[in-house]
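What follows is a short report on a single structure.
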Amino acid sequence: MKRLAVYLFFDNDGIVDDYIPYKLEKLKEFVQDIWFVSNSGLTVESRKKIEHCTDYIMCRENVGFDVWGYKEALEKIGFDKLSEYDEVILLNYTFFAPIFPFSELFEWSEKQVVDFWGISDHGKVEPNPFTGSGVLHKHIQSHFIAIRKSLLLSYEFQEYWNKMPMITSYTDSVLMHESRFTHYFYSKGYNYSIYVDSDSYGSKYPTFYEIDDTFKKSRSPILKRRPFFHDPLHHDRECIFLRRALQFVENSTEYPLELILNNILRTSKPKDIATNLTLLKVFDSSEEVALRSDLKILLVAHVFYADMLSEILNYAENIPCKYDLLITTSSQEQRDIILNSPILLKLNTKNIEVLIVEKNRGRDMSSLFITCKNKILNSAYDWVCRLHSKKSPQNGYTMAKHFKEMMYHNLLKDRAYVSKVLNYLDSNPSIGFAMPSMVHIGYPTLGHAWYSNKPLCYEIAKKLDINVPFDDISPFAAYGTMFWFRPQALRKLFVHDWKFEDFNKEPMHHDGSLAHALERLLAYTAHDAGFLACNIMSSDMMELNYTKLEYKMQRLVSNLSNGDIPYQIQLAHNAKYIMSASNNISEGHPHISRYFLVNVVRLLKNHVLANYPRISRWTRLPYRKLRHCYHKLRG
């Protein structure tokens with residue numbers, strides 16, 4: 001069977017990640033020609049990356065979304081040329097493949113006596129969630145639709161594309177093409193088949209909601225990208241556990257996991273990834289596990305308070321293998337105290353070195369990225385553990401004690417615990433950074449932990465070419481700046497030529513300082529380097545944290561009208577901006593009233609949808625028409 005594939009691509013930065021040429025190379029075994037249609041520009045490197053596995057590359061403006069990308073490509077090829085093919089496949093960049101070999105898919109397809117077919121579908125929904133009325137018909141999802149010659153050369157097919165209106169939104173794309181295509185041609189007498197059919201599953205959209213089941217039951221060749229970066233609240237509402245699907249791919253298929261991670265790390269927010277993939281590992285202290293004999297570990301400790309040396313090194317001794325120790329301190333006097341400490345003679349170390357920082361500006365962060373720079377960059381360590389003598393005298397005694405325990409216990413609790421941490425990190429080359437979970441007991445970090453640091457973080461990220469999206473609410477961060485890391489994961493922070501004068505003068509407890517910004521950039525730097533950042537926690541610390549976190553959520557939600565958290569969050573979000581806009585109006589700020597009204601409308605809309613579903617059916621259509629007219633008037 002002679003096939004043509006029209007592959008639709010888009011990327012804000014014009015970067016083609018490796019999962020795409022991998023997919024196209026595998027597809028090329030079953031397809032004679034591939035047209036690569038990019039709705040964005042391409043970098044020079046990206047264009048070279050796909051030239052060997054494509055026959056024609058076409059870059060166009062992102063006008064009309066994917067629908068008009070297909071439309072223009074079909075018009076450019078021409079129906080005379082299309083008549084030479086037995087089958088034309090319209091597919092796009094929104095999935096990883098082949099998770100299972102394409103040969104299985106195409107062998108199945110050649111047995112189907114149909115006019116068109118697809119990999120997966122979305123089941124029928126009534127009323128249509130996009131319009132509030134009518135039916136969203138069962139339809140093949142537009143990420144992969146194959147059209148046989150019987151449909152391809154028909155008058156109906158050509159008219160379908162000739163009369164395709166301009167697509168101006170995602171909703172238009174769904175209503176005018178994706179959800180329309182299948183039923184439109186089926187109603188005209190053309191039949192179809194689906195490889196992963198929603199009728200065989202419990203949900204309407206199994207490639208999103210039942211991913212691991214589509215692998216096990218149907219040997220689905222695709223894994224959608226969207227579940228990785230979709231709103232974690234939606235995952236929560238629908239009980240989607242993406243980590244299970246990724247574990248299946250890693251353990252039961254030959255698909256290279258790094259192709260998925262490299263794309264997701266570059267394009268998605270770290271905290272969203274961590275939540276959707278459940279990147280928290282909890283270890284107990286039941287028994288020690290063996291580590292490989294040549295594991296190279298460095299412990300770097302900034303000891304500003306020499307009276308904490310024994311406490312720090314007692315934790316260090318929980319590393320269950322030989323390790324190197326690098327200590328930084330603030331003065332010659334402190335260095336002498338450290339070197340004369342009898343505890344150094346008892347350590348399970350290979351080498352011990354004590355360095356004096358030039359200045360104490362920046363504290364543990366400047367000592368790490370300036371004083372320890374050469375040691376870390378020029379040595380072949382597998383993992384580095386970062387500690388410092390944390391007292392937090394600006395906080396209350398019990399608060400400071402808890403914060404310190406959160407760091408030490410979750411990094412180096414005891415030998416059995418550390419052996420499991422190191423075994424996990426060493427066995428997972430995709431992970432480059434591991435930190436305790438966010439400290440929230442005693443500290444107002446939840447939902448607010450960017451504080452005033454975000455502008456400076458953006459500035460530093462731009463300067464250091466750290467190109468990953470920032471999280472909207474709180475950063476995915478190593479609060480307390482103690483963590484495990486692979487040196488290459490933080491390389492961009494180490495190679496930069498920091499000066500002690502770059503850091504704020506003492507006292508520097510306030511936010512917005514360089515040290516506080518770097519604290520929040522660590523995980524983002526690891527993601528930029530192609531490594532996952534994860535949280536690690538001891539089982540007893542997990543019990544303590546979870547019980548208090550659950551209680552806080554109970555108290556918070558009890559003051560709301562119901563326990564539907566995503567709904568309540570949306571209400572609170574809109575109400576917050578209503579109050580903000582209202583305050584600005586009262587202060588005489590211009591151009592505020594529109595945003596105020598928009599958020600009032602959003603708040604009312606959500607309230608009606610949730611509490612008065614019958615009324616919402618009648619008001620939804622006029623609302624959509626008014627919204628359409630509003631956007632049209634605004635241009």
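Quick note: residue numbers are just sequence positions, from 1. Computed from a prediction, not measured in an experiment: that's the story for all the values here.
To the nearest 0.5 Å, the span separating CG on L277 from CZ on R244 amounts to 13.0 Å. W450 contributes atom CH2, which lies 9.5 Å from atom CG of D472 (distance to the nearest 0.5 angstrom). Note: D212 CG to S252 OG = 10.5 Å, rounded to the nearest 0.5 Å. Put simply, NZ on K373 and CG on L493 are 11.0 Å apart, with the number rounded to the nearest 0.5 Å. With rounding to the nearest 0.5 angstrom, the CG atom of L560 is 7.0 Å from the CD1 atom of I565. For the atom pair CG (L242) and OG1 (T278), the distance works out to 8.0 Å, reported to the nearest 0.5 Å.
If you check the side chains of Y19 and E258, you find no donor sitting under 3.5 Å from an acceptor. In the model, Q568 has no side-chain atom that pairs as donor or acceptor with a side-chain atom of D564 under 3.5 Å. If you check the side chains of K552 and H440, you find a donor sitting under 3.5 Å from an acceptor. In this structure, a donor-acceptor pair under 3.5 Å is present between the side chains of D414 and S285. A side-chain donor-acceptor contact under 3.5 Å links T481 and D364. In summary, the side chains of T328 and H302 do present a donor paired with an acceptor at a separation below 3.5 Å, with no hydrogens or angles considered. Counted by atom type alone, K359 and S366 present zero donor-acceptor pairs between their side chains at under 3.5 Å. At a cut-off of 3.5 Å, with distance as the only test, no side-chain donor of N262 or D17 sits close to an acceptor on the other residue. Of the N and O atoms on the side chains of R266 and N467, not one donor lies less than 3.5 Å from an acceptor on the other residue.
In K26, the NZ atom is not crowded: 12 or fewer heavy atoms of neighbouring residues, nucleotides or ligands sit closer than 6.0 Å. A 6.0 Å sphere centred on NZ of K322 holds more than 12 heavy atoms belonging to other residues, nucleotides or ligands. Counting non-hydrogen atoms of neighbouring residues, nucleotides and ligands closer than 6.0 angstrom, the CD atom of E333 reaches no more than 12 such neighbours. With a 6.0 Å radius and a threshold of 12 heavy atoms from other residues, nucleotides or ligands, E45 has its CD atom at or below the threshold. The neighbour count for K217 NZ, taken as heavy atoms of other residues, nucleotides or ligands under 6.0 Å away, is above 12. When the shell of 6.0 Å around CZ of R491 is examined, it contains 12 or fewer heavy atoms from other residues, nucleotides or ligands.
The side-chain heavy atoms of V357 and T329, taken from C-beta on, include no pair separated by under 4.5 Å. In this structure, F503 and N360 have side chains that are not in contact, with every pair of non-hydrogen atoms separated by 4.5 Å or more. The shortest side-chain heavy-atom distance between F476 and M435 falls under the 4.5 Å cut-off. Looking at E358 and T371, their side chains never come closer than 4.5 Å, going by heavy atoms from C-beta outward. By the 4.5 Å heavy-atom criterion applied to side chains, I260 and L246 are counted as neighbours. The closest side-chain heavy-atom distance from L544 to D540 is not below 4.5 Å. With contacts defined as side-chain heavy-atom distances shorter than 4.5 Å, the pair I327/V300 does not qualify. Counting heavy atoms from C-beta outward, Y458 and L521 have side chains that stay 4.5 Å or more apart.
Taking 4.0 Å as the cut-off between side-chain N and carboxylate O, E287 and K420 do not count as a salt-bridged pair. Ion pairing between K413 and D284 fails under the 4.0 Å rule for side-chain N and carboxylate O. Under a 4.0 Å N-O distance rule, the pair K375/E353 qualifies as a salt bridge. Under the 4.0 Å criterion applied to side-chain N and carboxylate O atoms, D497 and K499 are assigned as salt-bridge partners. Remark: E311 engages K404 in a salt bridge, criterion side-chain N to carboxylate O under 4.0 Å.
Of all the heavy atoms in P436 and M482, the pair that sits closest is CD-O, 3.4 Å. Across V16 and P21, no two heavy atoms sit closer than the pair CG1-CD, 3.9 Å. Between I99 and V249 the shortest heavy-atom distance is CG2-CG2, 4.2 Å.
Only one option out of N410, L422, L412 pairs with Y417 in a side chain to side chain contact (heavy atoms under 4.5 Å, CB included); it is N410. Partner of R486 under the side chain to side chain contact (heavy atoms under 4.5 Å, CB included) criterion, chosen from W383, Y381, F433: W383.
Listed for the H388 side chain is a donor-acceptor partner under 3.5 Å among the backbone atoms of G480. In this structure, D511 contributes its side chain and S452 its backbone to no donor-acceptor pair below 3.5 Å. Between the side chain of S427 and the main chain of Y424, no donor-acceptor pair closer than 3.5 Å is present. At distances below 3.5 Å, not a single donor-acceptor pair connects side-chain atoms of S268 with backbone N or O atoms of L265. Side-chain N or O atoms of R335 include none that pairs as donor or acceptor with a backbone N or O of L355 at under 3.5 Å. A side-chain donor-acceptor contact under 3.5 Å links S389 to the backbone of Y305. The main-chain N or O of A449 is found under 3.5 Å from a side-chain atom of R520 such that the two form a donor-acceptor pair. Put simply, the side chain of D11 gets close to the backbone of D13: a donor and an acceptor are under 3.5 Å apart. Of the possible donor and acceptor atoms, none in the side chain of T349 sits under 3.5 Å from a partner among the backbone N and O of I352. At distances below 3.5 Å, at least one donor-acceptor pair connects side-chain atoms of S474 with backbone N or O atoms of G447.
A distance below 6.0 Å separates the ring centres of Y209 and H234. Between F248 and F215, the ring centre distance stays below 6.0 Å. When ring centroids are compared, Y255 and Y22 come within the 6.0 Å threshold. Checked against the 6.0 Å centroid criterion, the rings of F208 and H230 qualify as a close aromatic pair.
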What's the verdict on side-chain contact (heavy atoms from CB on, under 4.5 Å) for F470 and K454, showing C-alpha distance, side-chain angles and the deciding distance?
CA-CA 9 Å; F470 278 18; K454 203 170 192 179; 4.3 Å; yes

Decide yes or no on side-chain contact (heavy atoms from CB on, under 4.5 Å) for E210 and I240, but give the supporting numbers first.
CA-CA 8 Å; E210 302 174 74; I240 299 169; over 6 Å; no

Under the side-chain hydrogen bond (donor to acceptor under 3.5 Å, both in side chains) rule, what do R225 and N263 come out as? Steps first, then yes or no, please.
CA-CA 9 Å; R225 291 178 64 247; N263 173 251; 2.7 Å; yes

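Under the 30°/60° scheme for interplanar angles, the aromatic rings of F485 and F494 are found to lie parallel.
A cation-pi contact, defined as under 6.0 Å to the ring centre and within 45° of the axis, is absent between K269 and Y524.
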